[in-house]
Amino acid sequence: MDGSPEALIVPVTFPILMQASDDYFENWIIASVIRISRYVAFFTSSILPALYISTTSFHPGMLPTTLALSIAATRMGVPFPAIVEAIIMEFVLELLQEASIRLPKVIGETVSIVGGLVIGQAAVEAGIVSPIMVIIIAFTAVSSFVLPNYSLGLATRVIRIPFMILAVTFGSFGISVGLLWLLTYLCSLKSFGVRYMQSLSPYRFKDWKDTIIRAPVQFHSKRPEFLNPEDSQRQNLGIRRNFNEN
Amino acid sequence: MKTERLSPSQIMTLTSAAIMGVDILMVQNHMVSIAGRDGWIPLALGGILAGISGTIIYYLATLYPDKDLPQIMIHIGGKFLGRLLLIPGLMYMLLYTALSFRIFAQVLKVFLFDRTPIYAIVILMTLVTAYTVYQGIYVIGGVTYILFPLGKIIIVILILLSLIIADPSHIRPILFENTAQVVKAIIPGYQQYTGICIIGYILCYTQKDKGRFKWYLIAIGIAVVLYVALTIITIMVFSAPGVLSLIYPTLTLSKSIQFPTAFLERFESITAVLWIGIAFESIMMFFFASVRNFVAFFNVKEKHQKYLVFVHVPILITIALSVKLGHRILEIFELLKSAHSFYELFIFPLLVVITLIARKRRQSNEAR
Amino acid sequence: MKRASAIILLVLLVALFLTGCWDRIDIESRAYILGIAIDKYPPHPGEKEKNDSEAASPQEEEKFEKMELHAGDRKYAMTIQIPILKKAQTVSAGTGSGGGGGEGSSTWEITQIGSSFISMNREILSRTNLIPYYEHLQVIIISEDVARQGIEDVLDFFVRDQEMRRRVKLFVSPGEAKSILDVKPRTEDFSAMYLAHIPMNSTKNSRMVHEVDLGQVINYIHQGYDFVLPRVEATKDEIKTSGAAVFKKHKMVGWLSELEVEAFKFIVNRFLGGIIVTEISEEMAAETGENGLISLEVLRTKTEITPITEGKNPSLRIDIKVEGNYAEEINIHTHGRLRKEFLIKAEKQFAKEIENLCKKTIRKVQQEYEADIFHFEHIFRTKKPAYWKQVEKHWEVIFPELEVDVNVEVEIVLTGIIK
């Protein structure tokens with residue numbers, strides 16, 4: 001864009017947002033595991049609090065008996081319902097995230113200590129939130145940092161609240177409806193004429209070498225199919241040749 | 001840039017998803033109530049019949065590559081007669097969609113939500129389905145592509161886990177002094193595969209490819225295999241008199257699975273939730289078909305199709321909510337299906353014959 | 001148009017959500033019912049007043065337990081067990097200040113007396129601040145008195161209600177069923193959970209009936225089959241399950257002892273592991289000395305039942321193949337001298353023991369209880385359908401007279417690590 005020193009890559013698709021440049025420097029098994037964990041993180045980051053709310057306040061029957069009892073025991077004496085608790089913690093988390101971005105590194109650490117230790121520990125001891133909710137929100141926050149694309153992380157932060165509202169009204173049915181809506185939305189998006197969910201739906205197994213997993217480097221000789229490239233062969237950077245010669 | 005088309009494998013997901021809708025909860029009860037412990041045999045035979053009838057519909061659709069079923073009817077029958085012919089199909093699709101919503105909401109209410117009013121579930125579901133249908137067939141195709149494997153894997157896991165508690169002797173003796181009922185149950189068995197005519201609505205959007213028909217047969221095959229396997233395993237677990245006493249055997253089956261580890265101990269809640277996705281896929285297709293029917297009936301322009309989706313929402317909600325009497329709804333549903341099976345078995349072959357005769361005549365006229 | 005419809009949608013959605021939260025109940029405000037005990041009321045016919053000397057004011061308590069009825073008599077006393085969560089927290093999490101309530105109970109048993117179970121369930125709502133929740137129900141204990149009257153009526157609510165799961169385990173107690181929930185087990189906080197885990201040991205102990213859950217029982221009742229349920233007894237702080245209650249149709253008719261359960265499990269091919277002890281035969285005694293006992297640790301059994309319809313009367317042949325280890329010998333000493341011939345004789349001796357046990361049990365069940373708990377009926381029905389059609393009507397008469405031939409083959413696989 002004008003005046004900006006950065007370049008934009010188009011068209012962008014959902015799987016591309018899950019790729020990070022480090023993937024290609026790692027062994028393919030490690031890179032694949034990391035990449036799968038990113039997809040999982042996308043889901044936990046957007047729906048984990050909603051899942052917690054729906055299972056605890058609608059379907060405790062889903063949990064194993066001992067787990068249900070121990071969650072119930074930790075929530076004894078907490079004055080708020082799970083949704084209020086979640087929104088309080090979510091709000092605190094957003095504040096902490098924004099605060100630590102703008103501050104210099106030295107003070108940023110203080111913020112994280114205040115946030116993590118003081119608010120987390122003290123809120124639990126004061127009985128405002130239950131310890132399990134702190135775990136859930138912390139897990140959610142960590143998941144949103146896993147996503148390589150910061151904007152995608154922001155998007156998951158935004159859809160978290162509607163999912164929580166759906167979950168508190170309709171339980172797991174609400175979450176399913178929300179997911180269906182999200183899926184429809186993602187499938188209907190187009191970026192420069194290319195479907196956003198391309199190569200996940202409809203499947204193009206040839207492109208899966210670099211979608212959910214990152215296949216070994218010798219499989220990467222072809223360009224992604226969904227772009228309809230005129231030359232389907234990738235530029236030969238010597239990697240493949242060396243690989244074959246050795 | 002190529003124009004967007006559905007890939008041949010999407011025919012498979014779309015039709016297969018349409019066939020296995022809300023029926024998947026009740027198919028065993030219905031079959032066992034007619035044919036007893038042999039209920040799975042007429043279901044399999046009905047599946048073969050569905051394959052034949054599906055082939056006829058497929059052939060009809062290939063005769064008019066740019067038109068979908070309602071348009072074909074109007075094309076053959078002319079403006080007035082064609083519309084007259086279309087009316088039963090139009091009512092069927094509309095009622096089927098609405099009743100599916102209603103049954104879906106009712107099951108959810110019974111199993112998950114005690115006090116949530118039924119209108120809330122119906123409204124929310126109609127809105128989100130309408131949103132998907134509003135986006136058009138390509139988005140429906142995309143969504144189904146992701147939901148399809150999830151739903152089917154859950155059914156397969158359900159069947160596999162049930163094997164632990166299944167007692168194979170419950171389906172024996174096979175076909176003993178029961179042949180009359182089995183033959184009688186073939187047509188009801190055929191009626192369980194409700195979505196085969198969906199092919200007529202989507203074929204005009206797919207790539208012209210030789211593999212299309214193969215994928216379509218695979219779709220019916222998947223549905224038949226899963227239905228029959230589910231019915232057999234349910235009879236094995238509950239025995240025929242047991243299945244008769246259950247309204248929704250599939251959900252009860254997932255409730256009775258014994259699985260020792262702590263994590264999957266609660267399998268039934270997972271199925272109850274993922275079943276929502278399975279039902280959505282099916283209802284989405286019927287909703288779409290109903291919208292297409294209206295497009296052809298009122299001769300609406302293609303670009304205004306999405307407004308018809310909005311028109312559908314209040315109609316569907318009203319029909320779904322105006323049906324009363326909890327269990328009677330299942331009877332109405334079966335009645336509707338049998339009415340439509342007549343339509344499928346007789347009208348569509350008739351249309352094929354008419355088309356072929358007309359073409360032959362035209363050819364001979366031209367030759368002359 | 002587009003904007004207008006979007007606004008309408010939005011209004012609809014907002015209206016939906018603002019009125020929402022119909023089913024939301026916080027996890028801690030549910031009463032997780034872990035076990036249910038069903039007793040007969042009044043406990044002993046004729047004795048109207050219950051003399052409970054332990055309770056502080058028996059009259060007052062009884063007033064709460066009884067409820068007004070629409071119709072019917074106060075026939076059943078249902079006791080539910082719910083965990084008391086506050087104390088569970090101080091035990092498990094350990095974060096609470098101080099030691100909590102000390103020696104108090106970790107569960108609460110509420111008894112309600114009435115005619116129908118759903119109404120008793122709702123009546124309990126008037127006595128607690130929590131909402132009863134049945135999805136975590138583990139066990140249902142039925143007292144013998146109720147079981148003898150028939151359990152179909154008792155179980156109907158538990159099968160019909162969608163909150164119930166079909167994996168709830170059923171037990172029959174010879175005494176008061178409530179007393180089993182009152183037990184305070186030492187390794188578990190809740191006696192219902194403790195009891196629910198015991199049947200899992202039935203793969204190692206042959207004297208306990210294999211796991212029987214609500215779903216299975218209701219299947220048997222639907223098919224009109226007879227069945228058994230495990231028996232449970234309790235002292236003040238111990239629970240024991242062994243033996244079984246025999247049900248004809250859905251009414252209890254008698255008990256099977258521990259050893260009879262062993263035979264039962266052999267016949268229905270559910271014998272997954274256990275010990276058989278037998279005396280040595282005279283022939284063997286000549287070699288080793290008298291009064292010796294040898295033990296077989298059963299590893300694997302396979303039972304096949306063949307119906308025989310030729311001839312005048314129907315009969316059955318039961319072939320049981322047992323594989324096991326020579327596990328122990330008492331009062332005989334073969335160390336270093338355990339020969340093949342001896343083991344073959346031992347095998348025969350074990351087979352004889354099992355055969356006798358099975359025959360005795362079958363005879364008892366046939367003649368005393370006349371209940372087809374082995375499901376011989378099912379074997380005829382599935383394997384000889386044409387024949388079954390003829391005898392279906394008179395099965396009640398045929399079953400007690402049915403000739404059953406038992407053949408047992410025992411194979412000793414290992415003798416431990418010594419010869």
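Only heavy atoms go into these numbers, but all of them, side chains included; no hydrogens, no water, no symmetry mates. Naming: A, B, ... by sequence-line order, numbering from 1 per chain.
Looking at B:Asp167 and C:His378, their side chains come closer than 4.5 Å, going by heavy atoms from C-beta outward.
The greatest number of non-hydrogen atom pairs below 4.5 Å with chain C, out of B:His170, B:Arg172, B:Arg115, B:Arg37, is found for B:Arg115. In terms of heavy-atom pairs under 4.5 Å with chain B, the best-connected choice from C:Arg381, C:Glu163, C:Lys389 is C:Lys389.
Contact of B:Leu244 with chain C is not made at all, since no heavy-atom distance falls under 4.5 Å.
By the side chain to side chain donor-acceptor pair (under 3.5 Å) test, C:Arg160 pairs with C:Asp156, sequence neighbours left out. Under the rule for a side-chain contact (heavy atoms from CB on, under 4.5 Å), the partners of C:Asp319 that lie at least two apart in sequence or sit in another chain are C:Thr306, C:Arg317, C:Asn407.
The environment of C:Lys251 atom NZ is sparse: at most 12 non-hydrogen atoms of other residues, nucleotides or ligands sit within 6.0 angstrom. Heavy-atom neighbours of C:Glu304 CD from other residues, nucleotides or ligands within 6.0 Å: at or below the threshold of 12.
No donor-acceptor pair closer than 3.5 Å links the side chain of C:Gln162 to the backbone N or O of B:Phe111.
Between atom NZ of residue B:Lys255 and atom CZ of residue C:Arg165 there is a gap of 6.0 Å, rounded to the nearest 0.5 Å. Atom CZ of C:Arg167 sits about 9.0 Å away from atom CD1 of B:Ile165, to the nearest 0.5 Å.
Close approach to chain C, defined as a heavy atom under 4.5 Å from one of its heavy atoms, is seen in no residue of residues 27-35 of chain B. Residues of residues 219-228 of chain C lying under 4.5 angstrom from chain B, judged on non-hydrogen atoms, are C:Asn219, C:His222, C:Gln223 in numerical order.
In terms of heavy-atom proximity, C:Thr382 sits nearest to B:Ser169 at CG2-O, 3.1 Å.
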